[in-house]
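Working notes for the structure below.
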There are 2 protein chains.
Amino acid sequence: MTAEPIARVRRFNRAVTSEVGALDTSFLGRGRPLGAARVLNAIGQGRSDVAEIRAYLGLDSGLMSRLLRGLEDEGLIETVAHPEDARRRVARLSAAGAREFQAYENLSDAQAEGMLARHPDPAALLAAMDLIASALGRDRVVLEEADPRCAAARHCLGEYYAELGRRFERGFDVSLSRDPDAGDMIRPRGVFLVAMSDGLPLGCVGLKGSGGAVAEVKRLWVSPAARGLKIARRLMDATEAAARGLGIEVLRLDTNSALPEAVRLYRTTGWTEIPRFNDDPYPDTFFEKRL
Amino acid sequence: MTAEPIARVRRFNRAVTSEVGALDTSFLGRGRPLGAARVLNAIGQGRSDVAEIRAYLGLDSGLMSRLLRGLEDEGLIETVAHPEDARRRVARLSAAGAREFQAYENLSDAQAEGMLARHPDPAALLAAMDLIASALGRDRVVLEEADPRCAAARHCLGEYYAELGRRFERGFDVSLSRDPDAGDMIRPRGVFLVAMSDGLPLGCVGLKGSGGAVAEVKRLWVSPAARGLKIARRLMDATEAAARGLGIEVLRLDTNSALPEAVRLYRTTGWTEIPRFNDDPYPDTFFEKRL
DNA sequence: AAATATATCTGACTAAAGTCAGACATCATG
DNA sequence: CATGATGTCTGACTTTAGTCAGATATATTT
């Protein structure tokens, strides 16, 4: 790494600024000023409360009012009083507004698709984008309880299995492992948590309950794009809190010494190593924690 | 990769847009409107011809004229007629303007430094940024003749040696290899080419001449951030052209089967495999091309 | 019920950005 | 040297974004 790190960050900034500038003008390309386009998009994304949009876009109340009136005159939105508080207003897209919003979506999709299509290694490009977006949005990673069979969870589990396949010398085959039943990782028996960053799942963990006082932590995974951001730590803390809420008294987990970051995390967060407690062929290290 | 690729690109766009927005407002933080700040920066970056700046920033001639007048009134720039064409004007920073430009530079540097400092793995972040910036600026990669001892060349060679160290089973030690003399890769004996993308060196190649009709191609390398963009191909084509210009009739090179992309490139671009022609311990494959 | 707080709207304003037509000087070409 | 093209400048204009001070209606608190 001889080249100046700061110069490289600034080169990156220049590159994306000109690209993003092109994106902005494409928004203007639909003959609508940026302010109005931003409000239309905010409404299209599901923000309906006018005050919420105002806070999100950082707009003055007077300006916001005029922008809404303009979109209404164009027939793109409708506003009504909030059912629970008649001072507030809620906005929603009309049929024409939905079409217009979709046109903006299509422009963005086309731009994104073009960028991928032009690159010789789209997977590498996506990995780099995920890394940067996760770094910039590190404060906006939220943990959500999810069904282990939902799309976000399946994405995480797929990546988790693929990574075990790469890291274990003899690969990894889920069918040989004791794949937990989804029902055991849903309330009231257990929970499944996904770490989401602006729509992209970046990590997961499962708490597999049995109905008794002992439960198992399974499937802890964090995307390579987000390692070092303390997401695993947050997932584990949230799992423990959920376990306490379910009346669980003892947590157990199995892992493998080929995953040293995981082992290190357990050792530094109050887990104690215990003898093997199952006959799964993959794990070689076992931990327990009393809550 | 279950998650929608296009959704991931758009997540990246959102993340950098808000970051770049924050950068823009920091420019406004110095009490100067964005237009004037952009012109000042363009001049600071060495663009002096007014027409060129106008084209670069996409400004109307009237607006440009007023922005220049404003900066002149502030005492930040001076404009004079172009020495070869009195219709055109050239602008340059005054001492006060240079200080003001430096203040903007420092803001940008601090922002870049902060981004790196906040990340757990700056090297990975930089690699991702290089990859994306190279992908976005792929059309702006230019080949330049350089001294093999200059900073850009040394950067490339350092990365090249490091990569050989990783790819060869027994590592790589330059001192055991036949390191060409810099003088042999400079005109009139040879050339050294560097592929530059907005200031960052992305690849290199050396033509090592001996004064005779036979010369050797050495040190072909392309940054992992820019693989697949046909830079190696362009470097080799430029090398051949330069060799022809130097009156060279036969090119040779040695390589290693641990570098299959390189071997594939040579095979598909008119090189023919020949018997070993040196006793360097590292190469195991040898090629020749008649010009 | 009165006082206060909140959310939106309206009118009057400013700053910045951008557009357009024409003036002017200079250069290139026949 | 006349003609047309080019680059900059000026004045008059519009659009967009944003600010601020009330006005109005509704909710919350005392």
Side-chain angles (χ1 to χ4, degrees), chain A residues 17 21-22 24-43 47-74 76-92 104, chain B residues 17-18 20-22 24-43 47-74 76-92 104:
Chain A
T17 307
D24 269 4
T25 53
S26 89
F27 274 80
L28 296 163
R30 288 194 64 79
R32 189 167 294 107
L34 187 58
R38 292 210 305 158
V39 171
L40 185 67
N41 272 279
I43 298 171
R47 288 171 214 274
S48 54
D49 206 295
V50 167
E52 185 204 339
I53 298 170
R54 217 153 65 67
Y56 170 64
L57 298 177
L59 295 175
D60 174 85
S61 68
L63 181 52
M64 181 69 188
S65 179
R66 264 177 278 264
L67 289 172
L68 285 173
R69 208 69 347 90
L71 290 170
E72 229 168 9
D73 291 349
E74 276 194 90
L76 299 176
I77 63 167
E78 290 145 15
T79 64
V80 291
H82 191 287
E84 283 160 25
D85 181 346
R87 291 170 304 181
R88 293 194 281 167
R89 308 225 92 199
V90 271
R92 63 154 186 275
Y104 282 113
Chain B
T17 308
S18 64
V20 165
D24 270 3
T25 54
S26 91
F27 274 78
L28 295 164
R30 287 194 65 78
R32 190 167 292 108
L34 186 60
R38 293 210 306 158
V39 171
L40 185 68
N41 272 279
I43 298 171
R47 289 171 212 273
S48 54
D49 205 295
V50 168
E52 185 203 340
I53 298 170
R54 216 154 66 65
Y56 170 63
L57 298 177
L59 296 175
D60 173 84
S61 68
L63 181 51
M64 180 71 186
S65 180
R66 265 176 277 263
L67 290 172
L68 285 173
R69 205 74 34 236
L71 290 170
E72 229 167 10
D73 291 349
E74 277 193 90
L76 300 176
I77 63 166
E78 289 145 13
T79 64
V80 291
H82 192 286
E84 283 160 25
D85 183 345
R87 290 170 304 182
R88 293 193 282 166
R89 308 226 91 198
V90 277
R92 63 155 185 275
Y104 283 112

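In what follows, every chain begins at residue 1, and chains take the letters A, B, ... in the order their sequences are listed.
Between A/Met64 atom CE and C/dT6 atom P the separation is 19 Å, expressed in whole Å. Taking atom CD of B/Glu72 as the reference point, atom C1' of D/dT10 lies 15 Å away to the nearest angstrom. In this structure, the CG atom of A/Leu71 is 15 Å from the P atom of C/dT8, given to the nearest Å. Between the P atom of C/dT10 and the CG atom of A/Leu67 lies a distance of 13 Å, rounded to the nearest Å. Put simply, CD1 on B/Ile53 is 11 Å from P on D/dC9, counting in whole angstrom units. The CG atom of B/Leu34 sits 13 Å away from the C1' atom of D/dA17 (whole-angstrom rounding). Rounded to a whole Å, the CZ atom of A/Arg54 is 16 Å from the C1' atom of D/dA17. Between A/Arg32 atom CZ and D/dT15 atom P the separation is 16 Å, expressed in whole Å.
DNA chain D is contacted by both A/Gly35 and B/Glu52; B/Glu52 maps to the nucleotide lying nearer its 5′ end (nearest heavy atom per residue).
In this structure, CD1 on B/Ile43 lies 11.0 Å from CG on B/Asp49, to the nearest 0.5 angstrom. Taking OH of A/Tyr104 as the reference point, atom CZ of A/Arg30 lies at 6.5 Å (rounded to 0.5 Å). Here A/Ile77 contributes atom CD1 and A/Leu67 contributes atom CG; the two are 9.5 Å apart, rounded to the nearest 0.5 Å.
Residues satisfying the salt bridge (Lys or Arg N to Asp or Glu O under 4.0 Å) test with A/Arg87, not counting sequence neighbours, are A/Asp85.
When the side-chain nitrogen and oxygen atoms of B/Arg69 are compared with OP1 and OP2 of D/dC9, one or more of them lie within a distance under 4.0 Å.
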Protein proximity profile, nucleotides 19-28 of chain D - base contact B, sugar-phosphate-only contact S, no contact -, cut-off 4.0 Å on heavy atoms: BB-----BS-
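Among residue pairs with one or both ends in residues 56-69 of chain A, those qualifying as salt bridge (Lys or Arg N to Asp or Glu O under 4.0 Å) are A/Arg69-A/Glu72; sequence neighbours excluded.
Checked by atom type, the side-chain pair B/Arg92/B/Ser48 shows no donor-acceptor distance below 3.5 Å.
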